[in-house]
Amino acid sequence: MGKVNYLDTLNAPQREAVTHAGGPLMIIAGAGSGKTRVLTYRIAWLIEQEVDPFNILALTFTNKAAGEMRQRIEAVIGNDAKNLWMGTFHSIFAKILRFEGKRLGYTSDFTIYDTDDSKSLLRSIIKEMNLDDKVYKVNFVLNRISSAKNALISWEAYTQNPIYIEEDKAAKMPELGRLYKTYVMRCFQANAMDFDDLLYNTNVLFRDHLDVLNKYQHKFKHVMVDEFQDTNVSQYLITRKLSAVHQNICIVGDDAQSIYAFRGANIQNILNFKADYPDLKVVKLEQNYRSTKTIVNAANSVIAKNKEQLEKTVFSENEEGSKINIIKATSDNEEGNLIASDIFEEKNNHGLKNTDFAILYRTNAQSRAFEEALRKRNIKYRLIGGLSFYQRKEIKDLLAYLRFTVNQSDIEAFKRIINLPKRGIGDTTVAKIVVTAAENNLRIWDVVSNIHQYVAGRVSSTIDDFATLIKSYGLMLEEGKDAHTVASYIAKSSGLTKELYEDKTVEGLSRYENVQELLNSIKQFVDNSESDDKSLSAFLQTVTLMTNADEDDDGDQDKVTLMTIHGAKGLEFKNVYIVGMEENLFPSQMMLARRSDLEEERRLFYVAITRAEKKLTLSYAESRYNYGRLNYCEPSRFLEEIDKEYLQVARNRFVSYSNMEDRNDQPAKQTRAVSGFVKKDSIKSNLKPVSKSTPPANHVPSGDFVASDTSILKEGDKVEHPKFGFGLVIKMDINGTDRKATIRFDTQGEKTLLLSFAKLRIL
DNA sequence: TCATAGCCTTTTTTT
DNA sequence: AAGGCTATGA
């Protein structure tokens, strides 16, 4: 690789950013302006200027972004790239806390609590404190605690602040401060940090231990932050402190793409950056190389309304490109079908590959209809986000065993595994152990391993057996057995895999395979992890901090991408579909309820639009399932906000934008539909609201019975229906995604049931 | 005291 | 749709 070659490929502002010698630098990078290239070249350039990679810290928001950047740097600079300190905020500071956590009273084996752990812990605290969980909602309380931590407000400060006390009293939640305190104490006692703690504690570490701060300040001669618009106060302070000595801070961001305020991101960080660094050098990258003029202009027309912005003009010199298509569907299933057929046609007509397509939605729950439609057409897809591999029950169960083996204070892991597989230890006993530990300031392990002192009776010997089991795992680790060996042994000897192995249902089989898959990934980690730390706790850390975007990657297969708009940040695709363009969905209901200005939702829309290189399609449905209920939907106001000149009057069966306006003349159909019962013979027109009262004879109850996966039902199956009794399936009609079964019931004669509503037990 | 069936509530995005 | 909660029976 020639030394200077790559500089020639850059435009003037890009080159200026790459070769900025030192001192604070802010790169305002519009969408598609070659930001990643600039960042990677800058790092490569610094290394050419004799800066040791070891002294460069580069912070990103996803592991994937970090990994890609490292690869690209390697391509320019070679093996040296390995020594860079590059990763997500959370993973880099988790690493530092593993080294330095002793100063704060944590061991180097501390557990990282994920959101489920945090919620579970909080739930039990609320219960213990005898608070009403209808008033103190777990999600709300956790959010409150999280915001406090991200703003660096300790529980001490929180409970002493008269403003918060008043606020909480007014909100009828005077105990929030105490909850915060208890939550923090419990985490500490469990030798655990939640996601926010990783940043919060880093701040505490740097504040209270100046020698540590000093060490890292001198180590990191250059600090770079990607996606700076998404940093919160806590992250901002860390980067400022770390760069205080050398003053070589380089931030890259785009205020127009700030979409993480909900988790504490503070757009002011980038808007006010100049105020913090008077001799700041600012470089603006405004030329978009990614998208057509139409797409760039349409995107600009969307955020033109936003008030809080840095001045910049993103423009494209690419071709004009085709206009933006709008598709109207009658239902969410039809939306899936229309998009899938469109992908099919586009592939045939323009010789595109699956990887050229992305379907972007506002919420993960929307993926279902698209998955079904794509599967039906044999189009391969990959789903990013949603319930990830590591959130599956069987995986979390085994991970909990591993966690408890590594960190025997980990209460949440303990609660998960103590009665799994069933040992006859119930909630009462577990609660007793947890409370005993908390009251006597002991580790969970201290209580469990001396259970006879605390709990009398039959259970105590069962718990003894459990303790012996865990002890044997700990011993294996001490003997230096590698993570994979220990994990496989745990899976087998705990009885977890045995239980799954004996479950011969389809789900049981896949659960068993998942566990094997997890063991494989541990093996991989042990065999060829890049880092030198191959301990079990290192593995657990990578798993917890893994982003949704990091999973999958089963080779470079040709697949359509399905993901949320949030997940799509930083990516690009030739053809993009933004689906579910409906009021209350996008913009989301929550946003509409909470804030009058929709600036962040609008920026989200902007991010979605600018993912497209060649062609953009927007779609919405007139009705949609939500929590098992069918609802009517209005087209999103965002459709109105795009400059009309960029919109396409769609062909043939697609409904044009002007037709959409006509729709507004009709009376609004706001009725909530299908609450409880649905007409069995109204497949296409099952949108009519049906009363909640007693069903007429031709209706089928839709309440819970034994849920069965309707896709496995076959002719000849014997079934039981909650109302009609036992029956035999004599005919199956499969029409698109709608499935009907004609069943002969012993007493009721033949009935045809729409399976999405009928709940049958297969006998 | 524990296990289970069925009822009830939830309501976005992610490290 | 899914996970927590509660009543019920063992």
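Order of the sequence lines fixes the chain letters, A, B, ..., with proteins taken first and strands second; residue numbering starts at 1 for each chain.
The CD1-P distance, from A:I259 to B:dT12, rounds to 16 Å in whole Å. Between the CD1 atom of A:I126 and the P atom of C:dG4 there is a distance of 14 Å, given to the nearest Å.
Heavy atoms of A:D133 sit under 4.0 angstrom from primed sugar atoms or phosphate atoms, though from no base atom. Using a 4.0 Å heavy-atom distance criterion, A:I425 is classed as a sugar-phosphate-only contact. At a threshold of 4.0 angstrom between heavy atoms, the contacts of A:Y260 are confined to the sugar-phosphate backbone, with no base atom among them. Heavy atoms of A:K393 sit nowhere under 4.0 angstrom from any nucleic acid atom.
The side chain to side chain contact (heavy atoms under 4.5 Å, CB included) test with A:F89 is passed by exactly one of A:L199, A:L198, A:T60: A:L199.
A sub-4.0 Å separation between OP1 or OP2 of B:dT11 and a side-chain N or O of A:N139 is present. At B:dT1, none of the side-chain N or O atoms of A:T429 fall inside 4.0 Å of OP1 or OP2 (strictly under the cut-off). Proximity of A:K134 to the phosphate of B:dT9: no side-chain N or O atom is located under 4.0 Å from OP1 or OP2. Remark: A:T564 is not in phosphate contact with B:dT13, judged by side-chain N or O atoms under 4.0 Å from OP1 or OP2.
Nearest nucleotide to the side chain of A:K127, out of C:dC5, B:dT13, B:dA3: C:dC5. In the set B:dT14, B:dA3, B:dT12, the nucleotide with an atom closest to the side chain of A:N419 is B:dA3. Among B:dC2, B:dT11, B:dT13, the nucleotide with an atom closest to any side-chain atom of A:M590 is B:dT11. For A:R123, whose side chain is taken as the heavy atoms from C-beta onward, the closest listed nucleotide among B:dT12, B:dT1, C:dC5 is C:dC5.
Side-chain contact of A:T115 with A:S118: a donor-acceptor pair under 3.5 Å is absent, judged by distance alone.
If A:S588 and A:T428 are placed on DNA chain B by their nearest nucleotide, the residue sitting closer to the 5' end is A:T428.
The 12-atom threshold is not exceeded at CD of A:Q589, counting heavy atoms of other residues, nucleotides or ligands nearer than 6.0 Å.
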